[in-house]
2 protein chains.
Amino acid sequence: MSDQAENVLNISNSWNAYHAQCPTRLMLNKIADKWTVLLLGLLEQETKRFSTLQRETGGISQKMLTQTLRSLERDGLIQRTVYASVPPRVEYSITPLGATLVAPLAAIRVWSEKHIEEVLAAQSAYDQVQNTAQQHPNVRKIVFK
Amino acid sequence: MSDQAENVLNISNSWNAYHAQCPTRLMLNKIADKWTVLLLGLLEQETKRFSTLQRETGGISQKMLTQTLRSLERDGLIQRTVYASVPPRVEYSITPLGATLVAPLAAIRVWSEKHIEEVLAAQSAYDQVQNTAQQHPNVRKIVFK
DNA sequence: CCGTATCCAATGGGATACTG
DNA sequence: CAGTATCCCATTGGATACGG
């Protein structure tokens, strides 16, 4: 209604308030996953085996590796290929669809590396103010205007 | 070392394997939060009050609203202002730093809306194959090559 | 109006043991 | 090698009640 700049982030506009099935929410939940982005990063360039992924992530449990890979496979973001050799060999690779997700994720990475210092500084400043405010419990240090 | 295209998502490159303090991980955890992005979207344009935010998110509990707003404030992404009026009034607005995060988040939103159909289709296809494979339990339907 | 404190159910994720 | 199955603890988040 207003002639302000468009609200580019307003998910509720396109989806009538918060909706559990909002595409953005679905994807954010994926990305929010501790291992998803890391695995996509590892698979971005080359096909890799299960054990290789486990080693290169450095500490993921078998359960979570399997679970995350399944989820990514189900979403069509990675491809799983089984070779009927002995011992069995399974390889994972990124799909064309998965590859298109790399750029948006990289944007997040770039922002994070560029602004992390500001965020950490803000956190320190905030914490310091809170610690200074040893007033009545239940009362935060606040800013009047 | 190789002369391939650079691995733009490889967080481990810059941070020596998976590191809990990797900036990208820190930010992804924020974003992963169920309400963070929604609140940033609501505050993107204009300052809003606590009760307004609660209403417009449509269903967030007081606890989570407070908690999420605190977290965003601590990170320097939003600003909290208290007016010493009766009854008290508290307003939240996005900071310049928070505003710079809008674009990367919008990129995720755009990707999601553009590719959600493919993802859902991939999921359906995957599920169908799994349901068809009523073989020995413990054996998934697999693809040989 | 804008919170904080507490209780409690659901979920997530690691460790471990076992299979084709 | 590449999983699956089970147990179990830590974290999450909603509901509720209370406070400045």
Side-chain angles (χ1 to χ4, degrees), chain A residues 18 20 25 28-36 38-39 47-74 78-93 130 133 135-145, chain B residues 18 20 25 28-30 32-36 38-39 47-74 78-92 130 133 135-145:
Chain A
Y18 175 76
R25 282 254 67 86
L28 285 173
N29 285 338
K30 301 282 176 190
I31 294 169
D33 188 276
K34 188 177 179 182
W35 302 108
T36 300
L38 185 58
L39 287 175
T47 292
K48 282 175 181 168
R49 304 183 58 173
F50 186 89
S51 52
T52 306
L53 289 172
Q54 186 166 28
R55 185 173 359 99
E56 296 189 351
T57 50
I60 190 174
S61 65
Q62 262 189 348
K63 175 183 171 179
M64 290 313 299
L65 180 54
T66 302
Q67 191 171 302
T68 309
L69 289 172
R70 287 292 173 280
S71 175
L72 288 170
E73 184 195 5
R74 180 170 181 267
I78 66 173
Q79 162 81 32
R80 179 178 184 268
T81 311
V82 177
Y83 297 90
S85 56
V86 182
R89 201 169 96 243
V90 181
E91 288 188 349
Y92 295 89
S93 57
Q130 295 307 311
Q135 314 167 356
H136 201 295
N138 250 17
V139 175
R140 297 171 55 244
K141 178 76 175 253
I142 52 183
V143 180
F144 289 94
K145 187 176 179 182
Chain B
Y18 175 75
R25 283 253 66 87
L28 285 173
N29 284 338
K30 300 280 175 190
D33 188 276
K34 189 178 179 183
W35 303 108
T36 299
L38 185 57
L39 287 175
T47 293
K48 281 175 181 168
R49 304 185 58 174
F50 186 89
S51 51
T52 306
L53 289 171
Q54 186 167 28
R55 185 171 0 98
E56 295 189 351
T57 50
I60 190 173
S61 66
Q62 261 189 348
K63 175 183 172 180
M64 291 314 299
L65 180 55
T66 302
Q67 191 171 304
T68 309
L69 289 172
R70 287 291 172 280
S71 176
L72 288 170
E73 184 193 5
R74 184 172 113 97
I78 67 173
Q79 162 82 34
R80 179 181 186 266
T81 310
V82 176
Y83 296 90
S85 56
V86 182
R89 199 169 97 243
V90 181
E91 288 188 350
Y92 295 90
Q130 295 307 311
Q135 313 169 356
H136 200 295
N138 250 17
V139 175
R140 296 172 56 247
K141 178 75 173 257
I142 53 181
V143 180
F144 290 93
K145 188 177 179 180

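Below, all heavy atoms of this structure are taken into account, side chains as well, without hydrogens, waters or symmetry copies. Order of the sequence lines fixes the chain letters, A, B, ..., with proteins taken first and strands second; residue numbering starts at 1 for each chain.
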> Over how many whole Å does the gap from B:Q54 atom CD to C:dG3 atom C1' extend?
Replying inline: 11 Å

> To the nearest 0.5 Å, what is the distance between CG (B:L39) and CG (B:L69)?
Replying inline: 5.5 Å

> Bend angle of the helix from C:dC1-D:dG20 to C:dG20-D:dC1 from five-pair axes at both ends, rounded to 10°?
Replying inline: 40°

> From C:dG3, D:dC1, D:dG20, pick the nucleotide closest to the side chain of A:P88?
Replying inline: D:dC1

>> If you compare all heavy atoms of A:Y92 against all heavy atoms of A:L53, which two are closest, and at what distance to 0.1 Å?
In response: CD1-CD1, 4.0 Å

> Do you know the tightest heavy-atom contact between B:R25 and A:I31?
Replying inline: NH2-O, 4.3 Å

>> Is B:Y92 close enough to C:dG3 that one of its side-chain N or O atoms is under 4.0 Å from OP1 or OP2 there?
In response: yes

>> Could you work out, with side-chain contact (heavy atoms from CB on, under 4.5 Å) as the rule, every residue matching A:T36, not counting sequence neighbours?
In response: A:D33, A:L40, A:T68, A:L72

> For C:dC2, does OP1 or OP2 lie under 4.0 Å from any side-chain N or O of B:R49?
Replying inline: yes

> Can you tell me if the side-chain N/O atoms of B:S51 get under 4.0 Å from OP1 or OP2 in C:dC2?
Replying inline: yes

>> My understanding is that only residues two or more places apart in sequence, or in another chain, count here; which of them pass side-chain contact (heavy atoms from CB on, under 4.5 Å) with A:R55?
In response: A:T52

> Can you tell me how far OG1 of B:T57 sits from NZ of B:K48, rounded to the nearest 0.5 angstrom?
Replying inline: 10.5 Å

> How many angstroms lie between atom CG of A:L65 and atom CD1 of A:I60, to the nearest 0.5 angstrom?
Replying inline: 4.5 Å

> When the distance from CG of A:L53 to P of D:dC1 is rounded to whole Å, what number comes out?
Replying inline: 14 Å

>> Between P on D:dA2 and CZ on A:R70, what's the gap in Å once rounded to a whole number?
In response: 12 Å

>> Please report the distance, rounded to the nearest Å, between OH in A:Y83 and C1' in D:dA2.
In response: 15 Å

> What is the distance, rounded to the nearest whole Å, between atom CZ of B:R89 and atom P of C:dG3?
Replying inline: 13 Å

>> Rounded to whole Å, please give me the gap between CZ in B:R55 and C1' in C:dC1.
In response: 13 Å

> When the distance from CG of B:L65 to P of C:dG3 is rounded to whole Å, what number comes out?
Replying inline: 8 Å

> Listed by chain and number, what are the salt bridge (charged side-chain N to carboxylate O under 4.0 Å, His left out) partners of B:R89, not counting sequence neighbours?
Replying inline: B:E91

Could you list, one pair per line, each protein nitrogen or oxygen that sits under 3.5 Å from a nitrogen or oxygen of nucleotides 10-17 of chain D, together with the distance?
residue : atom : partner : partner atom : Å
D:dG13  : N7   : B:K63   : NZ           : 3.1
D:dG14  : OP2  : B:S61   : OG           : 3.2
D:dG14  : O6   : B:K63   : NZ           : 2.4

>> Between A:S71 and A:Q67 (side chain of the first, backbone of the second, donor and acceptor by atom type, cut-off under 3.5 Å), is there such a pair?
In response: no

> For the pair made of CG in A:L69 and P in D:dA2, what is the distance, rounded to whole Å?
Replying inline: 11 Å

